[in-house]
Amino acid sequence: DPRPMHGSNLFPSSVPALGESVLLYMKHCTQLGHVLLRAVCASLGLDPNVLSPAFAGPTTLFRIFNYPPVPDDAGSDFQKFGVQEHTDYGYLTLLKQDDSGGLQVKS
């Protein structure tokens, strides 16, 4: 596919159900994103569908990241795992959070 940010998803053959599960999850997250877009428009007093044409073919990125918690008393030599500090781009980021926490948001 010559379009930027498009191409085949590569799923490990050792986990046959992963590809189908991830693609279905992404489909549902994209649908949720459209619902949230309409809700944001409506909350601003706009026609709920005013921005829908601009998001008809969204670039959807899906990454399986782990943000493990870092203990409050962790020293500078504590072995940290996860994803480096970064800025998400685009209109919307959906984050599935669990009870263990670990993600920090800077504003």
Side-chain angles (χ1 to χ4, degrees):
D1 190 329
R3 297 174 296 168
M5 307 293 288
H6 287 76
S8 298
N9 286 310
L10 304 176
F11 298 106
S13 59
S14 59
V15 188
L18 181 64
E20 183 178 337
S21 297
V22 166
L23 293 176
L24 181 61
Y25 183 78
M26 288 176 62
K27 176 183 173 183
H28 288 291
C29 286
T30 301
Q31 291 170 343
L32 174 60
H34 288 294
V35 169
L36 293 173
L37 176 66
R38 290 191 299 274
V40 167
C41 289
S43 75
L44 295 172
L46 303 171
D47 177 315
N49 295 307
V50 70
L51 293 178
S52 293
F55 291 88
T59 298
T60 304
L61 301 175
F62 178 78
R63 296 185 177 125
I64 301 173
F65 287 151
N66 182 32
Y67 296 94
V70 175
D72 291 334
D73 60 351
S76 60
D77 61 340
F78 182 79
Q79 189 73 14
K80 297 177 184 176
F81 294 96
V83 176
Q84 276 297 96
E85 181 179 321
H86 65 279
T87 300
D88 289 347
Y89 54 91
Y91 166 71
L92 180 67
T93 297
L94 298 177
L95 177 70
K96 183 180 181 301
Q97 184 72 322
D98 61 18
D99 291 335
S100 66
L103 179 69
Q104 295 180 347
V105 177
K106 292 183 176 182
S107 59

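Every side-chain contact (heavy atoms from CB on, under 4.5 Å) that Q31 has, sequence neighbours left out, goes to K27, H28.
By the criterion of side-chain heavy atoms lying less than 4.5 angstrom apart, applied directly or through intervening Ile, Leu, Val, Met, Phe, Trp or Tyr residues, F11 is grouped together with V15 in one hydrophobic cluster. L51 and V35 are members of different hydrophobic clusters when ILVMFWY side chains are connected at heavy-atom separations under 4.5 Å. Residue L61 is not grouped with residue L32 when hydrophobic side chains (ILVMFWY) are merged at heavy-atom distances under 4.5 angstrom, including chains of intermediate members.
The side-chain heavy atoms of Y91 and V40, taken from C-beta on, include a pair separated by under 4.5 Å. Residues D47 and C41 form no side-chain contact, since every pair of their non-hydrogen atoms from C-beta on lies 4.5 Å or further apart. You'll find the side chain of F62 stays beyond 4.5 Å of the side chain of L23, heavy atoms only. A heavy-atom distance below 4.5 Å is found between the side chains of S52 and R38.
For the atom pair C29 SG and L95 CG, the distance stands at 10.5 Å (nearest 0.5 Å). Annotation: the span from L37 atom CG to L92 atom CG amounts to 8.5 Å, rounded to 0.5 Å.
Listed here is the closest heavy atom pair of T30 and P58: CG2-CG, 4.1 Å.
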